[in-house]
Amino acid sequence: MTDEPRIPDDDLPEQMRVRSSKRADMLEAGQDPYPVEVARTHSLKAVREAHPDLEPGAETGETVTVVGRVLFLRNTGKLCFAKLVEGDGTELQAMLSLAKVGEEELARWKAQVDRGDHVQVTGEVVASKRGELSVMADSWQMAAKAIRPLPNAHGDLSEETRVRQRYVDLILRPQAREMVRARSTVLRTLRRQFEDRGYTEVETPMLQLLHGGATARPFVTHTNALDADLYLRIAPELFLKRAVVGGIERVFEINRVFRNEGIDSTHSPEFAMLEAYQAYATYDDMAILTRELIQECVRAVFGSTIVRHSDGSEHDLGGEWRSVTLHESVSEAVGESVTPDTSAEELRKIAATHEVALKDSWSAGEIVLELFEKLVEHTLQAPTFVRDYPVEVRPLTRQHRDDPRLAEAWDLVVFGHELATAYSELVDPVEQRARLQAQSLLAAKGDPEAMQLDEDFLRAMEYGMPPTGGMGMGVDRLLMTLTGTGIRETILFPLVRQES
RNA sequence: GGGCCCCUAGCUCAAUCGGCAGAGCAGCGGACUUUUAAUCCGCGGGUUCAGGGUUCGAUCCCCUGGGGGCCCA
């Protein structure tokens, strides 16, 4: 190697200049730093599995060709070590000795290979004197030259770098790779569970002329063909119900929904939503379904019903889960009986005792919900179905069969956060119309979160929707629950502000 | 939307009261045939996020803007 830089000095940091000039040196010497095809006979994992416990210094006589990214380099005078890593995180050491590859090839290795490069090594499977399984090279070749230095492998990457440069996070942090696999496992498991239960997966419109099915602020876009504004969906609900009307009696969808709201460690503007509807089922049936789905996901990811969080804590999500009514849970927390008969006046006294601030306009039901959210929800660590909400806080849900002041709805709370929700769906088209009209009046008054009146949805309901149980669960929330991390950890490439 | 904290070498971070901008890893040159964050000797590497202000002097204090994090609503 000469001292002359092959690339003119520009604004590149020193280490990129060095690597770039190594690339140029290779090209000049007729060696391809990016060969189109690189042979390999064994994955690193295959070599490891074939030789689980070689004695230190062992020689197998078996020759393999492996490829991998260089994670560490330790070069001594006549013997070089490199720790190679492949996509699943399997590591294997490559060794290059003067005796095996010769002076020229050893020198070329030292001159050309940097940490972060992909290399191909052909040689005998051996164990080093310290017992490290290795490939003792007869020959080597650059598989892909990296010109940007890999960050320090020992300190933690900053939160920002992890999110903005997820590829680096994936290279360096096994937990980042595990999260990608856990997500894939969860999606696969959910789909398999639904398939086993006779469900049909459908895809409903993401671009909608009317937004509905939830109360949230939508993203707005425009179609030139129709010269009309379109909304990115905030929920698939109204289309899935149309499918149920049409006779798809067990139907689910797992896909993205979009909400034009805050972005923080628990909220992403786009996230994966699971919704499932089952004709002739109730919210009780959906509770069983939801518990089984989640428990299967835990088993698929962790091999048992015990979830392990990134902080090392373990929590058993197995067995039956607790179920309480909203009023029971609030009664427990405040130490006195709260029922649907408790007046707003009495509830206000209780709230004052527990220093929960209320709005003057709130009804008894709204106050009970506020007491729950402020005093109870964060205390519910073990999975708990909280059920039978006042109708005024679940305006689109069927009335409770035993008490018309309540709605047949539950929220599943795990580790202090809502994970899933379900209803015995409202299927009376006249009642449905009345409630949607009330919502559309709010929208007309400028509430951007209120639902618009979807006449086509109402028309479908008028043809007769069977009694139906419906369930919704955030897939990202499920991942957060399983792993004990924030939402941006569970999303591979979360939205981040443009770098300046 | 409100409050607090952060932005310095490729990465992670120091820099006392406002007084020559540093360390570890990484890099470069040299030594080393069994390393495990190798070791030893030597060397280089900076628009201290950007712009403005105060000051003899600003990484540090003030203002504006950008980016990130945490808490609250």
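Each chain gets a letter, A, B and so on, in the order its sequence line appears, and its residues count up from 1.
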Can you tell me, in whole Å, how much space there is between the [atom1] of [N] and that of [M]?
{"N": "C20(B)", "M": "G53(B)", "atom1": "C1'", "value": "25 Å"}
{"N": "G27(B)", "M": "G67(B)", "atom1": "P", "value": "34 Å"}
{"N": "C72(B)", "M": "U59(B)", "atom1": "P", "value": "36 Å"}
{"N": "C11(B)", "M": "G46(B)", "atom1": "C1'", "value": "15 Å"}
{"N": "C7(B)", "M": "A15(B)", "atom1": "P", "value": "10 Å"}
{"N": "C60(B)", "M": "G3(B)", "atom1": "C1'", "value": "23 Å"}
{"N": "G68(B)", "M": "U12(B)", "atom1": "C1'", "value": "16 Å"}
{"N": "A14(B)", "M": "U48(B)", "atom1": "C1'", "value": "12 Å"}

Looking at [X] and [Y], what are the two nearest heavy atoms and their distance?
{"X": "Lys110(A)", "Y": "Asn75(A)", "result": "CG-ND2, 3.9 Å"}
{"X": "Ala137(A)", "Y": "Lys100(A)", "result": "O-CB, 3.3 Å"}
{"X": "Ala146(A)", "Y": "Asp117(A)", "result": "N-OD1, 2.9 Å"}

Proximal nucleotide (of [options]) relative to the [X] side chain:
{"X": "Lys78(A)", "options": "C28(B), G68(B), C32(B)", "value": "C32(B)"}
{"X": "Leu157(A)", "options": "C11(B), C32(B), A26(B)", "value": "C11(B)"}
{"X": "Pro149(A)", "options": "G69(B), G10(B), C28(B)", "value": "G10(B)"}
{"X": "Glu160(A)", "options": "G27(B), G68(B), U33(B)", "value": "G68(B)"}
{"X": "Thr76(A)", "options": "G68(B), A38(B), C28(B)", "value": "A38(B)"}
{"X": "Arg164(A)", "options": "C28(B), G68(B), U34(B)", "value": "G68(B)"}
{"X": "Lys129(A)", "options": "C70(B), G67(B), U34(B)", "value": "U34(B)"}
{"X": "Asn152(A)", "options": "C28(B), A37(B), G24(B)", "value": "G24(B)"}
{"X": "Glu132(A)", "options": "U36(B), C70(B), U33(B)", "value": "U36(B)"}
{"X": "Phe72(A)", "options": "C70(B), A38(B), U33(B)", "value": "A38(B)"}

Quick check on [N]: is either OP1 or OP2 less than 4.0 Å from any side-chain nitrogen or oxygen of [X]?
{"X": "Ser134(A)", "N": "U36(B)", "result": "no"}
{"X": "Ser158(A)", "N": "U12(B)", "result": "yes"}
{"X": "Lys110(A)", "N": "G27(B)", "result": "no"}
{"X": "Arg74(A)", "N": "U39(B)", "result": "no"}

What is the distance, rounded to the nearest whole Å, between atom [atom1] of [X] and atom [atom2] of [N]?
{"X": "Met95(A)", "N": "U33(B)", "atom1": "CE", "atom2": "P", "result": "13 Å"}
{"X": "Leu150(A)", "N": "A9(B)", "atom1": "CG", "atom2": "P", "result": "18 Å"}
{"X": "Gln165(A)", "N": "C11(B)", "atom1": "CD", "atom2": "P", "result": "8 Å"}
{"X": "Leu98(A)", "N": "A31(B)", "atom1": "CG", "atom2": "P", "result": "13 Å"}
{"X": "Arg115(A)", "N": "A26(B)", "atom1": "CZ", "atom2": "P", "result": "8 Å"}
{"X": "Leu71(A)", "N": "A26(B)", "atom1": "CG", "atom2": "P", "result": "12 Å"}
{"X": "Arg17(A)", "N": "G44(B)", "atom1": "CZ", "atom2": "P", "result": "15 Å"}
{"X": "Arg148(A)", "N": "C11(B)", "atom1": "CZ", "atom2": "C1'", "result": "12 Å"}

Strand partner of [N], provided both Watson-Crick or wobble distances fall under 3.5 Å:
{"N": "U47(B)", "result": "none"}
{"N": "G1(B)", "result": "C72(B)"}
{"N": "C60(B)", "result": "none"}
{"N": "A37(B)", "result": "none"}
{"N": "G24(B)", "result": "C11(B)"}

Distance-only check: which donor-acceptor pairs under 3.5 Å involve side-chain atoms of residues 368-377 of chain A, not counting sequence neighbours?
unit_1    : atom_1 : unit_2    : atom_2 : d
Glu370(A) : OE2    : Lys374(A) : NZ     : 2.6

- Item | Ser128(A) vs Gln15(A), nearer the 5' end of RNA chain B by closest nucleotide |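 With Ser128(A) and Gln15(A) compared, the 5'-side residue is Gln15(A).
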- Which residue lies more 5' along RNA chain B, comparing Ala127(A) with Leu73(A) via nearest heavy atoms: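 Closer to the 5' end of RNA chain B: Ala127(A).
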- Would Arg40(A) and Glu86(A) pass as an ion pair if we require N to O under 4.0 Å?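 Answer for the salt bridge query: yes.
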- Message: For a quick check, tell me whether the side chain of Glu14(A) and the base of G44(B) share a donor-acceptor pair closer than 3.5 Å.
- Response: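 Under the 3.5 Å cut-off, the side chain and the base do form a donor-acceptor pair.
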- Message: Is the shortest side-chain heavy-atom distance between His417(A) and Thr481(A) below 4.5 Å?
- Response: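 His417(A) vs Thr481(A): side chains apart.
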- Query: Out of Arg23(A), Lys145(A), Arg69(A), Arg148(A), which one pairs with Asp114(A) under the salt bridge (Lys or Arg N to Asp or Glu O under 4.0 Å) rule?
  - Reply: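 Passing option: Lys145(A).
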- Message: Taking salt bridge (Lys or Arg N to Asp or Glu O under 4.0 Å) as the criterion, tell me which of Arg387(A), Arg394(A), Arg477(A) meets it with Asp411(A).
- Response: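 Option passing the salt bridge (Lys or Arg N to Asp or Glu O under 4.0 Å) with Asp411(A): Arg394(A).
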